[in-house]
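Basis for what follows: all heavy atoms, side chains included, without hydrogens, waters or symmetry-related copies. In this chain, residues are counted from 1 in sequence order. On a predicted model such as this, the values are computed, not experimentally measured, just so you know.
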Amino acid sequence: RTAGYSIAHDLRCPLGRMRQAMELALDQPPNAQADREALRKAMEETEHILDTFQAMMNLSRAQSAESIKLQRVDVSGLAGDLAEFFAPAAEDAGLAFDAVIAPGVGVEGEPRLIMQAVANLIENAVKYTPSGGAIRFEVRRPREGGAEVLVCDTGPGVPPHERERVKERCVRLDPERSQGGAGLGLAMVTVVADVHRGRFVLDDGLGGPHGPGRTATLVFPATPRPRARAG
């Protein structure tokens, strides 16, 4: 019920803003510039709604899958692609972005799920780290094998007593609500770690003027045994 209420709230707000923009445009005499601005706002709100639905679908697919088809995943290569993709976004946000990726790190897993989980962690760091901060993206090979992915930032961080709660569906801390989103990103990471028999841990990050920062660590075992997830 809580998840459903939160998603309904997050969909109602953009729909309300979209309707208001169109009503204001219709109440005024035809004006090409004003009408195009109303269309632009409607498009932005539509994108927000579609993003919410896509996040819900991705999470549901991962949770309802009876099993995952394991294959060799080049985590180093995947991470390199993500670093190249997110570096410009970090720069646009006024953030230093440092990627340290050990070569030859690989695991048995589902590549699309692993990529989505890691992308969620980097996107989250870019979104909530204030301008002037830094993000460190690292891939390591643990001694026992597998892969360890870390995303550290200089943002406000997550208080210790909230670190398990923010992994649940539709949970966002108060400062995060103003940034939008459905609160499904970290829930998706949790599910991906679970179906790979891995671990997802939140801890303090790099520190800075805005707080302790956050370190998100995603650990994949060398040879996971996929297990079912109840929807």
Original post:
Out of curiosity, L121 CG to Q116 CD, how far, rounded to the nearest 0.5 Å?
Top reply: 10.5 Å

Just so I know, are the side chains of [X] and [Y] near enough to count as touching, which here means a heavy-atom distance under 4.5 Å?
X: P130; Y: P209; answer: no
X: F86; Y: L95; answer: no
X: L186; Y: F200; answer: yes
X: H210; Y: T154; answer: no
X: V192; Y: D194; answer: no
X: T129; Y: I135; answer: yes

Side-chain donor-acceptor distances from residues 146-153 under 3.5 Å, at least two apart:
unit_1: E148; atom_1: OE1; unit_2: R140; atom_2: NH1; d: 3.1
unit_1: D153; atom_1: OD1; unit_2: G155; atom_2: N; d: 2.9
unit_1: D153; atom_1: OD1; unit_2: R214; atom_2: N; d: 3.0

Subject >> Stepwise side chain to side chain contact (heavy atoms under 4.5 Å, CB included) check, E110 with L70 >> reply: CA-CA 5 Å; E110 208 293 322; L70 296 179; 5.8 Å; no

Same apolar cluster: [X] and [Y], side chain cutoff 4.5 Å:
X: M18; Y: L24; result: no
X: I101; Y: L218; result: yes
X: F85; Y: V126; result: yes
X: F220; Y: L113; result: yes

Side-chain polar contacts of residues 72-84 - donor-acceptor pairs under 3.5 angstrom, sequence neighbours left out - could you list them?
unit_1: R72; atom_1: NH2; unit_2: G106; atom_2: O; d: 3.2
unit_1: D74; atom_1: OD1; unit_2: S76; atom_2: N; d: 3.4
unit_1: D74; atom_1: OD1; unit_2: G77; atom_2: N; d: 3.0
unit_1: S76; atom_1: OG; unit_2: A102; atom_2: O; d: 2.5
unit_1: S76; atom_1: OG; unit_2: G104; atom_2: N; d: 3.4
unit_1: S76; atom_1: OG; unit_2: V105; atom_2: N; d: 2.9

Original post:
Which heavy atom in H196 sits nearest to a heavy atom in E108, and how many Å separate them?
Top reply: CD2-O, 4.2 Å

Subject >> Atom of L206, atom of A134 and distance for their closest heavy-atom approach >> reply: CD1-O, 4.1 Å

Distance-only criterion, 3.5 Å: show the donor-acceptor pairs between side-chain atoms of residues 25-34 and protein atoms not counting sequence neighbours.
unit_1: N31; atom_1: OD1; unit_2: Q33; atom_2: N; d: 3.1
unit_1: N31; atom_1: OD1; unit_2: A34; atom_2: N; d: 2.8

**OP:** Starting from the C-alpha separation in whole Å, work towards a yes-or-no answer on side chain to side chain contact (heavy atoms under 4.5 Å, CB included) for D98 and V100.
**Re:** CA-CA 7 Å; D98 182 29; V100 181; 3.9 Å; yes

Subject >> F137: partners by ring pair (Phe, Tyr, Trp, His ring centres under 6.0 Å), with sequence neighbours left out >> reply: none

**OP:** Tell me, please, which residues at least two apart from E37 pass side-chain hydrogen bond (donor to acceptor under 3.5 Å, both in side chains).
**Re:**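 Here the qualifying residues are R40.
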
Subject >> Those residues that, when tested against E23, pass salt bridge (charged side-chain N to carboxylate O under 4.0 Å, His left out) (two or more places apart) >> reply: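 Salt bridge (charged side-chain N to carboxylate O under 4.0 Å, His left out) check on E23 returns R19.
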
Original post:
Is the side chain of T215 donor-acceptor paired with the backbone N or O of D204 at a distance under 3.5 Å, no angle test?
Top reply: yes

